[in-house]
Amino acid sequence: MKVTSICCLGAGYVGGPTMAMIAAKCPHLQVTVADMNGHRIDAWNSDTLPVYEPGLDAVVASARGRNLHFTTDIRSAIAAADLVFVSVGTPTKAYGIGAGRAADLRYVESAARLIAEVSHGHKIIVEKSTIPVKTASAIKTILAANSSSKATFEVLSNPEFLAEGTAVDDLENPDRILIGGEITPAGNAAVEALVAIYAHWVPRERILTTNLWSSELSKLVANAFLAQRISSINSISALCEATGADVDEVARAIGMDSRVGPKFLKASIGFGGSCFQKDLLNLVYLCESFHLPHVAEYWRQVVHLNDWQKSRFVEKIVRSLFNTVNGKRIAILGFAFKKDTNDTRESPAIHVCRDLLREHAQLAIYDPRVDPETIRRDLANAGIPEEILATNLEISTDPYAAATGAHALATLTEWDEFRTLDLPRIHDLMLKPAFVFDGRAVLPADALIALGFVPFTIGKGQ
Ligand code: UDX
Ligand code: UDX
């Protein structure tokens with residue numbers, strides 16, 4: 001089957017950049033990204049993209065208007081496409097059965113119903129959203145029950161492994177592309193059609209094909225393993241603080257064992273982002289559904305440890321500031337869940353700031369990319385009343401403004417610009433004693449001590 005036109009439902013952090021890369025690499029393909037959110041589509045069509053990713057502007061500019069289009073006309077986009085990526089959100093279910101663990105598949109389901117309604121002829125449907133194992137069967141059932149007799153479908157799984165902040169590099173040069181399909185002649189043909197698209201820029205040996213369920217499960221397991229490494233090193237960070245060992249030295253020592261490897265061993269205030277916690281909880285729910293409580297409990301601990309690490313950091317701040325932060329100004333540097341993104345979903349900063357506000361602290365938050373409205377909304381959604389936000393929250397325009405008159409400063413995101421802060425100036429601007437809580441190890445501990453700060457860095461014996 002020859003694919004000449006593709007569309008993607010969902011113009012988010014995954015759908016937008018992924019389709020931009022496909023369009024840039026495959027000029028012969030028409031690529032349309034459709035989303036029901038008009039503001040998002042307007043932003044994709046403007047000079048200020050809704051997603052901040054280094055290098056993304058150039059990729060979009062190279063293809064937009066040529067073979068890359070952004071639209072809210074979802075129906076026409078589906079009707080014109082030979083291949084449809086589904087990249088709508090799959091949040092953790094907040095209600096009813098499986099609340100707090102299971103994935104809420106209502107957007108995926110409504111996408112399938114819409115595809116069935118407007119399709120004629122043959123289409124390949126590709127799950128891009130991370131979904132529980134066996135969702136492909138549900139999609140197939142919905143398509144079969146709702147489509148005209150002339151429409152036929154093949155459903156593939158093609159999870160996306162890009163990380164935010166490095167999305168363009170990850171898309172351009174992926175470790176692997178994973179494609180799962182049914183092991184039938186029609187299934188194999190659909191898999192080959194998708195392989196052919198990626199093969200325009202990804203070496204064939206890096207394109208893995210598997211059965212549908214292996215592909216769906218691999219995405220959850222990849223994220224679970226990555227998150228597990230962070231919880232493992234964070235658990236050791238607490239032991240390092242207690243013993244005087246240095247977690248970075250321990251990480252280096254174990255990471256040089258080629259069987260362990262050096263990546264994803266950076267101790268922190270915890271992992272954030274839209275995927276790790278959601279996918280771990282999904283995995284836990286899946287294990288419970290298949291009556292594997294021991295396996296479920298094993299993975300649940302990765303999430304528990306992450307929550308504990310965030311709380312531990314807040315406790316450290318409160319204890320250090322003589323057991324009260326009531327009325328004290330605390331400068332917060334960084335709110336995004338990692339550097340080089342404006343995304344704050346599940347950012348540990350939300351948890352830390354929420355708990356400090358509950359202790360009646362005065363926060364002055366600075367982040368170079370996150371817009372002030374997002375910070376306010378995240379804290380309101382975390383349960384902080386509007387009147388507290390009005391009186392106890394200031395959004396600062398630079399780190400020095402945040403530090404002025406502050407008792408303490410905490411780094412919550414590892415933005416590169418924090419590594420070159422004018423520390424003597426910060427020290428002068430702060431009240432004394434000046435406390436620094438370095439949740440991302442971006443500030444030089446020796447310099448902090450020499451300048452007279454009282455520093456705390458995750459995993460460093462004090
Ligand atoms: C999404 C999934 O949440 C994730 O599981 C998967 O791994 C990749 O795709 P992301 O792109 O980061 O992640 O989500 P988000 O930025 O929220 O984008 C989803 C988009 O879909 C939104 O723009 C939303 O408006 C759109 N959408 C959602 C629709 O167009 N139609 C719907 O019915 C639902
Ligand atoms: C992750 C996966 O890496 C990606 O493959 C998948 O498609 C989506 O989920 P993302 O959440 O965008 O990507 O970013 P990632 O770089 O994995 O970071 C996740 C969180 O872990 C961040 O909060 C980061 O600060 C934290 N982290 C990462 C650590 O605390 N220590 C580390 O060593 C690495």
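Each ligand, and each atom within it, is numbered from 1 in the order the structure gives. Since this is a predicted model, take the numbers as computed values, not measurements.
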Name the closest protein heavy atom to atom 30 (O) of ligand 2, giving the residue it belongs to and the distance to 0.1 Å.
S268 OG, 2.6 Å
What part of N234, side chain, backbone, both or neither, has a heavy atom within less than 4.0 angstrom of ligand 2?
neither
So which of L226, D175, T130, T166 gets nearest to atom 3 (O) of ligand 2, if we judge by its closest heavy atom?
L226
Kindly assign one of parallel, tilted or perpendicular to the pair F313 and F456, based on the angle between their ring planes and the thresholds 30° and 60°.
tilted
Closest by any non-hydrogen atom to atom 17 (O) of ligand 2: pick that one out of F161, F264, F337.
F264
The protein heavy atom nearest to atom 33 (O) of ligand 2 is K266 N, 2.9 Å
Is the closest side-chain donor-acceptor distance between N381 and R354 under 3.5 Å?
no
Shortest protein heavy-atom distance from atom 15 (P) of ligand 1, along with the residue and atom involved:
R40 NH1, 3.6 Å
Is there a nitrogen or oxygen of K278 sitting under 3.5 Å from a nitrogen or oxygen of ligand 1?
yes
Considering only the protein, which heavy-atom contact is closest to atom 29 (C) of ligand 2, and what is its distance?
I230 CD1, 3.6 Å
Ranked by distance from atom 14 (O) of ligand 1, the top protein heavy atom is R345 NH1, 3.5 Å
May I ask you to list the atoms of ligand 1 that are less than 4.0 angstrom from any heavy atom of N37?
25 (O)
How close does the nearest protein non-hydrogen atom get to atom 19 (C) of ligand 2, and which residue and atom is it?
F276 CE1, 3.5 Å
What residue and heavy atom of the protein are closest to atom 32 (C) of ligand 1, and at what distance?
M36 CE, 3.5 Å
If you take the nearest heavy atom of each of G10, G16, G12, which one is closest to atom 21 (O) of ligand 1?
G10
Do W415 and Y366 have ring centres separated by under 6.0 Å?
no
Tell me, which protein residue and heavy-atom name are nearest atom 9 (O) of ligand 1, and how many Å apart are they?
S87 OG, 3.3 Å
Locate the shortest heavy-atom distance separating R358 from I384; write the atom from each residue and the value.
CG-CD1, 4.2 Å
Heavy-atom contacts with Y13 under 4.0 Å: which atoms of ligand 1 show up? List them by number with element.
10 (P), 11 (O), 12 (O), 16 (O)
closest protein heavy atom to atom 2 (C) of ligand 1 is V88 O, 3.5 Å
Taking the six-membered ring of F161, is NZ or CZ of K219 closer than 6.0 Å to its centre and within 45° of its axis?
yes
Between ligand 1 and L9, can you find any atom pair, the residue atom being a heavy atom, that is separated by under 4.0 Å?
no
G89 neighbourhood, listing ligand 1 atoms whose heavy-atom distance to it stays under 4.0 Å
2 (C), 3 (O), 19 (C)
For ligand 2, the portion of E160 having any non-hydrogen atom under 4.0 Å away
backbone
Shortest non-hydrogen contact from C353 to I365?
SG-CD1, 3.9 Å
Nearest protein heavy atom with distance in Å, relative to atom 18 (O) of ligand 2:
K338 CD, 4.1 Å
Whether the N158 and Y198 side chains hold a donor-acceptor pair (N or O, under 3.5 Å, no angle test) is what I'd like checked.
yes
Between S237 and K460, is there a side-chain donor-acceptor contact under 3.5 Å, judged purely by atom types and distance?
no
Who's closest to atom 20 (C) of ligand 2 heavy-atom-wise, of S347, G272, P348?
G272
Say whether R440 and ligand 2 are in contact under the criterion: heavy-atom distance to a ligand atom below 4.0 Å.
yes
CA sep, side-chain torsions, deciding dist, call: E109, R113, salt bridge (charged side-chain N to carboxylate O under 4.0 Å, His left out):
CA-CA 6 Å; E109 179 169 344; R113 288 183 190 277; 2.6 Å; yes
Give the residue and atom name of whichever protein heavy atom lies nearest to atom 7 (O) of ligand 2, and the separation in Å to one decimal.
L162 O, 2.9 Å
For atom 13 (O) of ligand 1, what is the nearest protein heavy atom, given as residue, atom name and distance?
V14 CG2, 3.9 Å
Exercise: identify the closest heavy-atom pair between E182 and E154
OE1-OE1, 3.9 Å
Within the structure, does S129 bring an N/O atom to less than 3.5 angstrom of an N/O atom in ligand 1?
no
Quick one: which ligand 2 atoms are inside 4.0 Å of a heavy atom on C275?
8 (C), 9 (O)
Quick one about E160 and Y13 (side-chain donor to acceptor, distance below 3.5 Å, no hydrogens or angles considered), yes or no?
no
When you look for heavy atoms under 4.0 Å from ligand 2, do you find them on the side chain of A163, its backbone, both, or neither?
both
Do any nitrogen or oxygen atoms of D35 lie less than 3.5 angstrom from nitrogen or oxygen atoms of ligand 1?
yes
Closest heavy-atom contact between L171 and P174?
O-CD, 3.5 Å
Going by the 4.0 angstrom heavy-atom rule, the piece of K263 near ligand 2 is neither
Counting both backbone and side chain atoms, is some N or O of A34 under 3.5 Å from an N or O of ligand 1?
no
Polar side chain donor-acceptor pair, D378 to S347, under 3.5 angstrom
no
Note: R229 and P262 closest approach over all heavy atoms is NH2-C, 4.2 Å
Can you tell me which residue and heavy atom of the protein come closest to atom 12 (O) of ligand 2, and the distance to 0.1 Å?
E164 N, 2.7 Å
Given ring-ring contact (aromatic ring centres under 6.0 Å, His included), test Y285 with W299 step by step and report yes or no.
CA-CA 10 Å; Y285 188 67; W299 291 105; over 10 Å; no
